[in-house]
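Letters A, B, ... mirror the listed sequences (proteins, then strands); counts begin at 1.
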2 protein chains.
Amino acid sequence: MKKLTKTGEEIMHIIWQLNRCTVSDIIQQLGSPKPPHSTISSIVRILEKKGFVDHKAYGRTYEYFPIISKKNYGKTSLQQLVSNYFEGSMDRLVSHIVEEEKVDVEAIKKILDEIPDEEWK
Amino acid sequence: MKKLTKTGEEIMHIIWQLNRCTVSDIIQQLGSPKPPHSTISSIVRILEKKGFVDHKAYGRTYEYFPIISKKNYGKTSLQQLVSNYFEGSMDRLVSHIVEEEKVDVEAIKKILDEIPDEEWK
DNA sequence: GTTAAATAACGTAAAAATACGTTATTATTA
DNA sequence: TAATAATAACGTATTTTTACGTTATTTAAC
């Protein structure tokens with residue numbers, strides 16, 4: 001799976017949220033100053049070329065929709081991060097989170113307890 | 001902190017590992033077919049421009065070294081990932097890891113138990 | 001209906017990343 | 001030491017990303 005660039009990722013988040021949207025819909029979500037329509041248009045076209053979105057034409061207007069889900073992209077990114085910065089070990093990542101990210105151990109234990117048995121692998 | 005591109009990141013990993021190195025040192029670490037010296041040279045120069053490495057000149061040769069640590073970059077990347085794909089919550093990330101990444105709950109509990117008290121925040 | 005404003009995608013300019021040829025200097029060898 | 005090979009950074013060509021101007025179509029207003 002190709003990697004999103006900074007701007008591409010920003011726009012993808014909006015597309016993921018709206019699910020099906022035109023370029024104008026995307027611009028509406030962006031804060032001021034609003035970029036020109038053409039700017040967002042070309043970013044979306046590149047996202048399509050890279051395989052992140054596809055479109056359906058309604059008359060002259062394109063409605064874009066994601067073909068790679070946010071969940072899927074996030075999952076892949078996580079795996080890549082772990083592979084690159086945590087020796088490929090999710091265990092190490094968890095250690096890091098507890099030791100460096102100020103996440104309370106008890107909170108995590110509680111999370112673990114809330115997970116139904118069937119998902120325990 | 002600027003984001004590494006795919007190639008940039010690949011080279012950074014080698015620089016992190018070697019710690020101080022010339023362009024030739026980097027090429028030596030790369031598998032065949034070896035890219036031209038000039039290719040790696042320009043990637044490293046861009047890494048320097050972006051603030052990931054700096055260099056010290058020894059005669060005509062530059063010795064490069066990281067000025068952003070692997071640990072630091074990984075940490076920042078993790079935070080960004082969590083912010084973008086796990087609602088900014090490390091807790092949610094941990095849930096995901098347990099539920100979707102086939103990491104055994106008992107293994108994590110063991111990790112938690114091994115962390116000394118002082119680090120429990 | 002005709003004009004004006006809004007909105008569409010397209011093409012392309014500008015900037016950044018990728019990739020290498022070229023040239024200069026250093027090291028090797030005969 | 002002269003010729004050759006190896007190795008350096010630099011400059012630049014190519015591709016990709018970023019960003020908009022332009023033109024065409026649609027919608028709104030009169």
Side-chain angles (χ1 to χ4, degrees), chain A residues 1-16 18 20-68 73 77 80 84, chain B residues 1-16 18 20-68 73 77 80 84:
Chain A
M1 178 167 19
K2 282 189 85 59
K3 202 173 164 181
L4 288 168
T5 64
K6 191 140 180 344
T7 11
E9 188 170 31
E10 203 177 315
I11 300 305
M12 273 310 292
H13 275 290
I14 295 173
I15 296 175
W16 277 321
L18 300 178
R20 317 189 103 255
C21 56
T22 65
V23 169
S24 293
D25 295 337
I26 295 170
I27 292 168
Q28 211 155 24
Q29 301 292 317
L30 293 167
S32 299
K34 306 274 188 200
H37 184 282
S38 41
T39 300
I40 304 307
S41 173
S42 60
I43 291 168
V44 175
R45 268 180 287 150
I46 287 172
L47 288 171
E48 179 165 15
K49 199 175 70 184
K50 287 199 203 160
F52 287 102
V53 303
D54 197 356
H55 78 267
K56 181 162 170 2
Y58 285 94
R60 206 168 63 87
T61 300
Y62 289 2
E63 189 182 63
Y64 291 95
F65 51 89
I67 54 180
I68 288 185
Y73 186 78
S77 300
Q80 235 132 46
N84 284 329
Chain B
M1 177 167 20
K2 282 190 87 57
K3 203 173 165 183
L4 289 168
T5 64
K6 191 142 181 341
T7 10
E9 187 171 32
E10 203 177 315
I11 300 305
M12 273 310 292
H13 276 289
I14 295 173
I15 297 176
W16 277 322
L18 299 178
R20 320 189 102 254
C21 55
T22 64
V23 169
S24 294
D25 295 336
I26 295 170
I27 292 168
Q28 211 155 24
Q29 301 292 318
L30 293 166
S32 300
K34 306 274 188 201
H37 184 282
S38 40
T39 299
I40 304 307
S41 173
S42 58
I43 292 168
V44 175
R45 267 179 288 150
I46 287 171
L47 287 172
E48 180 165 14
K49 198 175 68 184
K50 288 198 202 159
F52 286 102
V53 303
D54 196 357
H55 78 267
K56 183 164 171 358
Y58 284 95
R60 205 169 63 87
T61 301
Y62 290 1
E63 189 181 63
Y64 291 94
F65 51 89
I67 54 180
I68 289 185
Y73 186 77
S77 300
Q80 234 130 48
N84 284 330

### Message
Closer than 3.5 angstrom, by distance alone: can the side chain of A/Tyr64 be matched with the main-chain N or O of A/Leu47 as a donor-acceptor pair?
### Response
no
### Query
Separation of B/Lys3 atom NZ from D/dT16 atom P, in whole Å?
19 Å
### Task
Please state whether the base of C/dA19 and the side chain of B/Ser42 form at least one donor-acceptor pair under 3.5 Å?
yes
### Separation of D/dT18 C1' from B/Lys2 NZ (nearest whole Å)
12 Å
### Query
Nearest heavy-atom pair of B/Ile40 and B/Leu30: which atoms, and what distance?
CD1-CD1, 3.8 Å
## Note on the structure
Walking DNA chain C from its 5' end, the first of A/Thr39 and B/Arg45 to be reached, judged by nearest nucleotide, is A/Thr39
### Query
Under 3.5 Å, side chain of A/Lys34 to main-chain N/O of A/Ile27, donor-acceptor pair present?
yes
### Message
Just N and O in the side chain of A/Tyr62: are any of them under 4.0 Å from OP1 or OP2 of C/dC10?
### Response
yes
### Query
Whole Å only: how far is the CD atom of A/Glu48 from the P atom of D/dT17?
14 Å
### Query
Is the distance from OP1 or OP2 of C/dT18 to the nearest side-chain N or O of B/Thr5 less than 4.0 Å?
yes
#### Entry: Closest heavy-atom pair and its distance - A/Ile26, A/Cys21
CG1-SG, 3.9 Å
### Query
Between C/dA17, C/dC20, D/dT17, which nucleotide gets closest to the side-chain atoms of A/Ile46?
D/dT17
### Message
Side-chain N or O of A/Thr7 versus OP1/OP2 of D/dT18: is the shortest distance under 4.0 Å?
### Response
yes
### Query
Given D/dT17, is OP1 or OP2 found less than 4.0 Å from the side-chain N or O atoms of A/Lys50?
yes
### Message
Could you tell me how far apart B/Leu47 (CG) and D/dA9 (P) are, to the nearest whole angstrom?
### Response
14 Å
### Query
For A/Met12, does its backbone N or O pair with a side-chain atom of A/Tyr73 as donor and acceptor, under 3.5 Å?
no
### Query
Rounded to the Å, how far apart are A/Tyr58 OH and D/dT26 P?
17 Å
### Query
Starting at the 5' end of DNA chain D, which residue's closest nucleotide do you reach first, A/Pro35 or B/Ser41?
B/Ser41
### Interatomic distance where CD1 belongs to A/Ile26 and C1' belongs to C/dT7 [whole Å]
14 Å
### Whole-Å distance separating the NZ atom of A/Lys49 from the P atom of C/dG11
13 Å
### Task
Kindly point out which of C/dT25, D/dC20, D/dC10 is positioned nearest to the side chain of B/Arg60?
C/dT25
### Query
Tell me: CD1 of A/Ile27 to P of C/dA6, nearest whole Å?
14 Å
### Query
Looking only at side-chain N and O atoms, does A/His37 come under 4.0 Å of OP1 or OP2 in C/dA9?
yes
